[in-house]
Amino acid sequence: MPRLVIDDLQIEVPEGTKVIEAAERLGIMIPRFCYHKALGSAGACRMCAVKFIHGPFKGLQMSCMIDAQDGMVVSTTDEEAVAFRRQVIEWLMMNHPHDCPVCDEGGQCLLQDETVSGGHGLRRYPGRKRTYHDQYLGEFIAHEMNRCIHCYRCSRFYQDFAGYRDLGPMQIANRVYFGRFRDGPLESPFAGNLVDICPTGVYTDRSSRYKARRWDLQRVPFLCIHCSLGCSTVASARYREVVRIEARFNESVNGHFICDRGRFAYPYANLADRPRRARVDGEDASLAEAVRAASGRLDQISMNAGPDAVALVASDRCSLETLAVLKRISREKGWRHPAVFPRPDLEHKTRRAVSRLDRRLAVSMRELESADFILAVGIDPVHEAPMLALALRQAFREDAGIVVMDPRPVSAPFDFDHVAIAPAEIGGCLSRITEALSALQADSAAQGKETRRPEAAGPLRADLDSRIAGIVERLRGSRNPVIVCGTDIVRDSTPDRAADLARLLLQLKARPCLFFVLPGPNSFGAVLLAESPGRSFSDVVQDIEQGKVKALLVVESDPFKNFPDRERLERALDRLDLLAAMDYLPTSVVGRAHIVLPTCTVFECGGSFINQEGRVQRVEPVHEGGIPVHQVSGGGHPPRVFSHEVPGGEIEAAWRTALEVAGYTNARDNLSILKIMAEEHPGFARCRDIPTSRSFRVLPDAGDRPPVCEETGDRAAPEAADTLEVVLVDRFFGTEELSGYSPVIQNADSEPLVFLHVRDAEPLGIAHSDWISIALEGGGLEVRAGVSAQMAEGVLVIPRHRLLEWQKLGPVPAQIPFGRISRAGKE
Amino acid sequence: MLPQVLFQNRKPRRIATMEEYCRSGGYRVLEDIARGKYSPADICRIVGEAGLRGRGGAGFPAATKWMSVPVDGAYPRYLAANADEMEPGTFKDRMLIHVDPHTLIEGMIIAGYAISASKAFFFIRPSYDSSAMILERELERARQAGYLGDNILGSDYSFDIILHRSGGRYICGEATALLNALMGKRPNPMKPPPYPTVKGLWNRPTVVNNVETLANLPHILRNGPEWYKGLARTKTGAGTKLFCISGKVNRPGCVELPIGTPLREILEEHAGGMRAGSEFKACLPGGASTRYLTKDLLDVEMDFDSLSAVGHRLGTAAITVFDQKTCLVGVTLNLLQFFARESCGWCTPCREGLPYIRDLLWRIENGEGREEYIPMLRQMSRDVWNAYCALAPGAASPVESLLTFFEDEVREHIRLKKCPFSRPR
Amino acid sequence: MIPEALKRELLERTARAEHPREMAVDVMYALQGYYGYMSDEAMEEAAEIVGMTPLELEELATFYDFIYRRPVGRYVIRVCDSAVCWMEGYQSVVDHLTSRLGIGLGDTTADGLFSLIPVCCIGYCDRAPAMLINRKVYGELTPEKIDRILQKLATGKPAAGEE
Ligand SMILES: Cc1cc2nc3c(=O)[nH]c(=O)nc-3n(C[C@H](O)[C@H](O)[C@H](O)COP(=O)(O)O)c2cc1C
Ligand code: SF4
Ligand code: SF4
Ligand code: SF4
Ligand code: FES
Ligand code: FES
């Protein structure tokens, strides 16, 4: 470990650490523009010049370009270095507009800071300033090229780091221009990060432009709840409105970046039609009145029909606090345990995944980046867990091999081998791989013995054999393989099979190697708190139909969003004596509930979530609840109606309201939420000691539990040759519930396509982007077809998109006969 | 008669044919190689002993560069012949191609063999299209003759040369930018480490040499290192050098002379002396990115070491001569116009600093100069040395030397509020 | 669209290259030869041939001096404006050309025959002042010589190569 001296302070750093980084560890922030921890050194801006006094380098050198070495003595305050840096600033300001007051970056601009701190205050350059034309880059990002200082961060992020190919440097010399070939939306689902990494105001967040200066914002370390990864963010609010989400560095989860879903989903919290007033039987009521009404009617039903007639419904966007409280009250009241998952298979697979993960097996997203071979099964990374795609790309950039086994037409910003097979085949492939690998292992352990060939696990296509053999070889040859497994489209036993393979790899390579992707931001927490076997929402529907359930308390959940049979759902809800809904979204359930109890978003009340690798992350509220000032005053400011109460300010966190509905009051029971959580699950006891922005994992140590593979009969692959198996899938935009409410995302989203394989499409005379109509149980679905050769045959991939009435599907799993798919007349 | 090595087959207005080259001893070294006379290490050793230094401008010892290819370096390996030649004043590489292309081709094969490369790219600038066509034709002839391609002359060495036409930019001549250009990327330089000889084209070991450097190889191997060293007129020098003389002399052109030939002799005997009415004021001794060299140094020996001993650089040995009627502020402005235009745009000192300098010079030349521009120019021509590659420091050389040797001339512009010279028309 | 034969040839050449991207400039030259300049359409066609995105190719096209992204005349006259030529009469060459052609630097004649653009040193400093027309170099320029060259080009007779 080289030891060096910077500004008279000694420090020892790992081999390969740049001097700029070593200085930062000492708390010395050497000015920089092009250097960025995630993007590395570029040596372009020359802003990080320092004086090397002793050691292998002498004189003025760029601290971002030189590895710390033994015996170096470096001065960052040397006069020559300071003067040179001032010169660099003058050069950069030569062409930079002097209009900080109208620039949205003002107040959070690196160039502003370093111009001031560098001491460049007087313009000497007598010439004119260079100007550029700006481009339209889509709904998310504004472009003001005149502000560019040519640090090349944007192109290095966009192309090298993220792997997208439609934004980069053009032209030469002092005309270099960063943009697209022509105007148009940026193709990368990670483009929003340009806003964060650009040190000036070239790229700014259109959704928050001109809303506030950074110093006016309430900025809080926050957490993304738009998929199961749980990326770290910074949320900013002003005037009771969330105005901006930025990425926050997280060593173990997302690194420096987030995806555009995570960045631009926030407007759901500001919706004008958000439920702000409690309602009882269609009439506005105070929260207290509504709580009383709900409480009374639920107790009534409990008394008349038994507590069993009351069911709780929640979702995986509920915080751990809410889920713990619901568990507590359901137990104490005897109500049915909350159903969190929409479908039994999701509940089952999530539970299996969670129960198979332990401390030694689980890899974090950061660790995934150093894998040298990755087998991803039943997952379409960009769409289901966007930042996973970026992590996989980093592994790919370090020459990792990647195999994706999935029926969908997967596309991702890295090269991979696509084994396009139907969901039913994935588990079998995994088993065969595990068997072959352990057989090889046994053979090499007991050489000389007759080689045992593993039997194929199930009837699999012959052409798969060589690909499986290839995967086995690559797993064997790799130092650090990782298995990534999705839980949405795979069969029930697939998570277990992935875990079996991972366990074997752990024995062979002694490194963590299992990464699950779960259905939602708090799926992990939900199954930790669930009774076993858990119930899903479809069980609840059945119980309503059978008259066993008479009242529903639906907490932050919208079954209309994800229950595949809309008609049946409506019929069931109509049978209820009481439908009470608690939510912060204007959902369909809220629309038809007898009693509506508005709740706070996480921005307003904070909360804890457990991501897909068992990491408990807790955040504080960003701002106090209430109707945004500009909605109260009709945009005018200051508000013209004066009162001592914050309009809409009586709303509370769902868990508080739920406690009250169950008859607890804070004063009387003096219950601390942390205590409830700890009592509901011992793993949560640590929540007490953990400050926000720190996290811990609730994973068992290895070896506590032998793997219990519940034998569940997987659904076989459909036999009939004349049907397509429906595979319902998530999509980057349009399927995730919260972001679906974001106007900016709605504008940016593209038309959803239903995909089928060319060989399935051809006999039907369907070509790519043709309109087709599919006759579903609940009626016809008109949609554009995507036709691809890069996907499995025999499947019909339907996104659960908010613009598609896929809820006409009827009972799932579904098979669609070819005869029910045809080209539509529509053009 | 002076020893003519690279130009030994020079014919008036004609290109030496492959047969003529062979008759003069050409491709004999290649035959020896095919026969197994030399190992790659032998070639490196001999060329090292001969003291061959790179002719592309930096004067880096050729064999040292080759030997920095790691012994266990990956394959395939590549050679890139640099015929970008966009340094103003320089045209020796063009002459070489038009005089005796096969000495170049054989040189490339030898260098390729020395580093165990299987492929070479000949990188040529677009304004040399006629040269490119000659090369394409002669490469095909060499291929027909079995000098290029699979199993050269029946040996187990295979090697081919691919001609790559540049899109045209000065920075493409910088070795690492050239590699990016060849790979179809933006031709920005790439600071080592890793060195191209370790990770160059597509991350494989790659050697970049100037074409004149390469053309020397057949002759060194044919005649031995001692002979080669003996060609030079200085102790530390070796071989001959192609000098390009342009500007206010009677016979501008390209001549091959022993390394270390004194500047005065080059100008007077080989360039016909100054034109009538012209008096030597200064010259750029090695292309646009060298410092102005003044009268008092006319006797300097034109060799890498001798020039650097007096604070100058041999560069590309392109001597551009200015007379007493030429405004050096104007010349410097012209040069900066070139450098600012050709900056690749990667780093701040060059991308922004050079246009700044150009602007100040323009103001001085056009009567808008101010006294305070002089210290600004001086400081900035120092500061651009901290650029990413050698382009900006090269650009600073004429500016810095203008202020060092011709400060009075600059001040005169400022005082008169106009250029004291009649602009050359 | 470029002719099928040309496209096929370029695809074949690209397939022969070790990496398709090496061919980016060659393919642009070929399409420029066909279209006269690289229109947006040409850029898209070329990008497809070398397996790059239009933006990636644009990064190169706009970097290089000899790829024209705007229409140019049939003959692109590029007058050397670097030090030696500048000293030896660049300005009078440009003056003569602008008055003969009736256009300024950077312009194209109305008949689409000539464009006039400066260029940096073309490596013919021993024959300064010099210029390049398409691929041919003309040195030691005088007004008379320029007139003869323009005459020849304008009347459609093949330009006599100087080199
Ligand atoms: C801006 C710049 C332009 C250059 N142009 C050329 C060139 O046109 N031809 C050349 O051979 N070397 C050129 N060089 C030098 C090359 O970087 C490199 O040193 C040379 O090609 C190596 O060959 P050599 O060792 O045989 O001299 C240039 C360097 C710089 C910094
Ligand atoms: S646009 Fe921003 S990130 Fe990109 S080069 Fe310019 S200043 Fe840097
Ligand atoms: S990857 Fe998931 S958690 Fe991360 S920012 Fe995107 S949606 Fe949010
Ligand atoms: S000095 Fe900088 S901008 Fe100039 S050519 Fe070199 S890398 Fe490019
Ligand atoms: S931060 Fe080091 S050169 Fe830009
Ligand atoms: S200066 Fe004009 S050709 Fe070199």
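So that the names make sense, note that chain A is the first sequence line, chain B the second, and so on, each numbered from 1. Side-chain atoms are counted along with the backbone in the values below, which use heavy atoms only and exclude waters and symmetry mates. Here the structure is a predicted model, which is why all the values come from computation and not from measurement.
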Donor-acceptor pairs, chain A vs chain C, cutoff 3.5 Å:
unit_1	atom_1	unit_2	atom_2	d
Gln159(A)	NE2	Glu59(C)	OE2	2.7
Arg165(A)	O	Thr53(C)	OG1	2.8
Arg165(A)	NE	Glu56(C)	OE1	3.1
Arg165(A)	NE	Glu56(C)	OE2	2.8
Arg165(A)	NH2	Gly51(C)	O	3.1
Arg165(A)	NH2	Glu56(C)	OE1	2.7
Gln171(A)	N	Thr62(C)	OG1	2.7
Arg182(A)	NH1	Glu44(C)	OE2	2.6
Arg182(A)	NH2	Glu44(C)	OE2	3.3

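Using modelled atom types, one side-chain atom of Asp260(A) and one backbone atom of Gly192(A) make a donor-acceptor pair closer than 3.5 Å.
Salt bridge Asp417(A)/Arg474(A): present, at least one basic N to carboxylate O contact under 4.0 Å.
Residues passing the salt bridge (Lys or Arg N to Asp or Glu O under 4.0 Å) test with Glu751(A), sequence neighbours excluded: Arg784(A).
A side-chain N or O of Arg263(A) and one of Asn193(A) form a donor-acceptor pair less than 3.5 Å apart.
To the nearest 0.5 Å, atom CD1 of residue Ile77(C) and atom CG of residue Leu116(C) are 6.0 Å apart. Summarising the geometry, atom CZ belonging to Phe140(A) is positioned 9.5 Å from atom CG belonging to Asp205(A); distances are rounded to the nearest 0.5 Å.
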